[in-house]
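One structure is given below, encoded as structure tokens.
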Amino acid sequence: MTTGNGVTGVSPEPQRPRTPATTAAAQSRSSRASRTEEALSRFHEESKLGEAYDARNLLRLWPFIKPHAGYLLFSLGLLIVTALLAMLRPLIMRGALDAIDTPDGLAHLTRAGWMLTGVLLTEQFLSFPQLYSMQLAGARAMADLRAHIFSFLHTRRLAFFDRTPVGRLVTRVTNDVDAINEIFASNALNAFGDLIRLVVIIAIMVSLEWHMSLLTFAAVIPVAVGVNWTRRRIRDAFREVRSKTSRMNSYLNEQVSGMAVVQAYAREDRSDAEFDEINRAYRGANNRSIVYDATLDAAIEMVSSVCVAMALWYAGRYAGVESLKDVSFGTLFAFVAYIEMFFVPIRDLSSRYTLLQSAMAGAERVFELLDNQDEDAAAPPATSAQPPADATAGDASLAFQFDGVTFSYKPGLDVLHDVSIAARPGDKVALVGATGAGKSTVASLLLRLYEVQSGSVRVFGRDVRSYPRDELRKKFAVVPQDVFLFPGTVLSNIAAGDADPDRARAIQALQRIGALDLFERREGGLDAQVLERGHNFSAGERQLIAFARALYRDPPIFILDEATANIDSDTEAKLQRALEGAMVGRTALMIAHRLSTIRAADRIVVFHKGCVVEQGTHDELLALGGIYSRLYRLQFAREAQEATAPASSTPVP
Ligand SMILES: Nc1ncnc2c1ncn2[C@@H]1O[C@H](COP(=O)(O)OP(=O)(O)OP(=O)(O)O)[C@@H](O)[C@H]1O
């Protein structure tokens with residue numbers, strides 16, 4: 001069900017009598033809900049673009065078209081030939097009709113028939129390579145553009161993905177590029193041929209009979225007014241179509257990804273209603289573009305018919321007039337044919353213009369995305385290892401070091417405040433603190449997924465901003481809380497990022513965490529198929545794969561974000577011991593909620609509301625009697641009692 005203001009609502013509840021208090025509460029709820037809707041809609045809907053289309057956006061496509069320009073030129077060459085050939089047809093007919101009363105009139109007619117056949121066949125014969133080469137150029141250029149956008153996305157910082165819905169990005173790479181491709185696929189570049197045709201037709205018409213030509217040309221004025229009137233509206237309609245497509249893709253992406261929650265919370269009806277709303281908006285935007293397009297088409301068709309009628313009227317009215325004496329039947333026939341031909345390129349030009357508008361809308365969106373380079377220029381240099389001007393040399397004997405780091409995802413809302421942490425090579429540092437205290441953010445900054453606002457983050461003495469991206473990331477292996485698996489096999493997932501997976505190394509990695517048996521028992525073993533997002537593996541199995549992936553990578557620093565959260569205590573105990581061996585000599589940053597993780601640490605850093613409030617060993621912090629000791633008493637002490645017995649009795653694999 002949809003409310004009047006366009007906000008989707010759930011199925012109606014039974015009406016209760018409303019007191020002033022409940023009404024006020026309901027109003028406040030509804031205004032909150034509509035604010036949320038507005039915010040969501042702002043997030044999903046496209047930003048408003050400039051008033052006029054910038055045709056320069058189409059010129060910016062040239063680098064992608066240039067490598068395939070040969071096909072394009074070939075196609076345009078053929079286009080000129082076919083356009084000129086089409087012009088010959090009425091002239092051939094005129095010759096035949098004018099000669100019909102002469103003694104060899106029939107022979108003329110037969111010759112004209114053969115000539116027409118020849119012209120038509122040549123046109124058709126040439127139109128295949130013309131269309132084929134045009135579409136080939138377009139398909140290849142657009143494939144290059146899609147590849148460019150995709151690699152461009154890889155250079156964006158996470159902050160960019162935080163504020164851009166996935167559906168919008170999908171729309172850029174698919175629908176918007178398709179809209180540009182329509183220039184080639186629908187032969188919009190035939191506009192070039194249309195113009196040539198128009199010029200030739202005008203020249204022929206004037207040479208045939210200039211009075212009647214002027215009547216026809218006068219009709220161009222209402223057509224021009226009509227085209228101009230619809231042009232703006234079609235452009236706006238196309239912009240809206242693009243925007244609604246993007247919204248629909250975003251919504252579909254969210255709903256399909258969150259299908260488990262939708263079904264578990266019986267949210268299907270509400271989702272249907274929301275989708276209905278988006279779908280209706282999309283259909284409305286499409287309808288508007290269709291209406292304007294059809295109106296323009298019909299108007300041009302009507303003007304063309306009126307012109308033919310006027311030409312016939314003129315010829316009939318002034319048949320005996322001196323200046324028209326030489327208008328033969330053949331000329332009149334050819335003239336009427338040229339009037340119809342005259343409006344074809346005009347009509348085609350307007351529909352090609354419509355396509356061009358759609359393509360420009362697509363190009364505008366694509367380049368809007370590609371232009372955000374400055375905003376997200378935070379992508380680390382790919383090759384240069386030059387440190388930024390404000391980077392100072394750090395202590396090279398430290399594996400990593402946070403020095404007075406302050407960071408916020410949104411301006412003014414500090415998530416980390418003046419954080420200083422350091423770890424020597426081989427140290428195991430645990431970050432402890434309440435939910436939302438900023439622990440995972442520390443890990444993100446270490447990988448330079450986000451940029452610090454002040455202070456510095458150094459890895460092996462070097463500011464992370466001075467590292468080429470690949471070099472920095474190679475120093476880490478991350479085992480996140482929520483493991484992402486790519487479709488493929490267990491082996492390809494363990495060897496993620498490795499084009500040529502090393503099976504022996506993957507087996508060794510699984511062996512080291514004591515999970516080889518578990519995966520070998522599975523049908524297919526290491527070659528068992530992993531479906532999208534690893535849905536056919538349990539959360540614990542996914543975490544084990546992530547551990548194996550980390551060991552396979554063999555980096556100097558591990559980041560474990562509550563990495564054993566989904567593993568049963570028995571397996572976790574085995575894993576802990578196996579990891580102790582595997583991680584000897586390596587540095588680890590462990591984000592910990594469980595005592596077992598904290599126990600493995602040499603040093604514990606306690607976070608509270610984005611600040612480091614305590615640092616030290618387990619015993620030191622207990623003795624301090626601060627936040628950690630309170631946390632320990634409330635949470636870990638019970639866990640310790642429960643875990644001691646089974647954990648200590650479990651044999652090491
Ligand atoms: N991408 C993001 N954009 C905006 N805010 C974010 C983002 N990621 C985290 N935050 C906010 O930053 C704060 C710290 O988040 P962080 O994930 O670092 O906490 P945490 O201590 O790891 O929490 P948890 O223990 O629940 O994993 C939280 O208030 C969170 O809402």
Side-chain angles (χ1 to χ4, degrees), residues 36 39-40 42-44 153 156-166 168-169 250 253-254 257-258 372 375-376 378-379 400 402 404-421 423 429-455 457 464 476 478-484 539 542-543 546 557-567 588-598 600-601 603-615 621 626-628 630-632 634-636 639:
T36 312
L40 267 177
R42 267 202 306 280
F43 177 64
H44 288 295
L153 291 179
R156 301 300 85 195
R157 292 208 156 265
L158 279 195
F160 168 75
F161 297 97
D162 287 346
R163 45 168 209 272
T164 317
V166 178
R168 189 184 295 178
L169 298 177
S250 301
N253 175 65
E254 277 167 15
S257 309
N372 84 347
E375 205 178 320
D376 286 297
F400 65 82
F402 280 67
V405 168
T406 295
F407 171 78
S408 61
Y409 290 101
K410 289 187 192 124
L413 283 173
D414 281 0
V415 168
L416 294 183
H417 189 76
D418 197 18
V419 168
S420 296
I421 315 168
V429 178
L431 305 186
V432 180
T435 290
K439 305 178 296 291
S440 302
T441 305
V442 169
S444 300
L445 294 182
L446 206 47
L447 291 165
R448 205 187 167 209
L449 296 178
Y450 296 90
E451 211 69 67
V452 295
Q453 272 90 32
S454 72
V457 181
V464 288
F476 298 94
V478 186
V479 184
Q481 239 175 60
D482 190 13
V483 177
F484 187 92
R542 288 204 290 272
Q543 228 155 26
I557 306 175
F558 277 77
I559 296 177
L560 311 175
D561 191 347
E562 198 46 271
T564 52
N566 296 312
I567 298 171
L589 179 75
M590 306 184 291
I591 296 165
H593 284 295
R594 292 161 75 163
L595 185 65
S596 47
T597 319
I598 296 168
R603 196 149 42 82
I604 299 161
V605 180
V606 185
F607 272 82
H608 183 63
K609 295 186 177 164
C611 299
V612 174
V613 285
E614 292 168 12
Q615 277 199 61
L621 293 181
I627 291 188
Y628 180 78
R630 210 164 48 242
L631 204 70
Y632 180 79
L634 288 174
Q635 186 181 337
F636 302 137
E639 203 185 311

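In each ligand, atom 1 is the first atom listed, and ligand 1 is the first ligand listed. Only this structure's heavy atoms are used, side chains among them; waters, hydrogens and symmetry mates stay out.
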Listed partners of H417 passing side chain to side chain donor-acceptor pair (under 3.5 Å), at least two apart:
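H417 satisfies side chain to side chain donor-acceptor pair (under 3.5 Å) with D414 only.
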Identify the two heavy atoms, one from [X] and one from [Y], that lie closest to each other, and give their separation to 0.1 Å.
{"X": "G438", "Y": "V415", "result": "CA-CG1, 4.3 Å"}
{"X": "G610", "Y": "V419", "result": "O-CG2, 3.4 Å"}
{"X": "Y450", "Y": "L445", "result": "O-CD2, 3.6 Å"}
{"X": "I591", "Y": "A443", "result": "CD1-CB, 4.1 Å"}

Select all protein residues for which some heavy-atom-to-ligand 1 distance is less than 4.0 Å, and list them by chain and number.
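Residues D162, Y409, V415, A434, T435, G436, A437, G438, K439, S440, T441, Y450, H593 each place a heavy atom under 4.0 Å from ligand 1, listed by chain and number.
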Y409 and T441: side chain donor to acceptor below 3.5 Å
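There is such a pair between these side chains.
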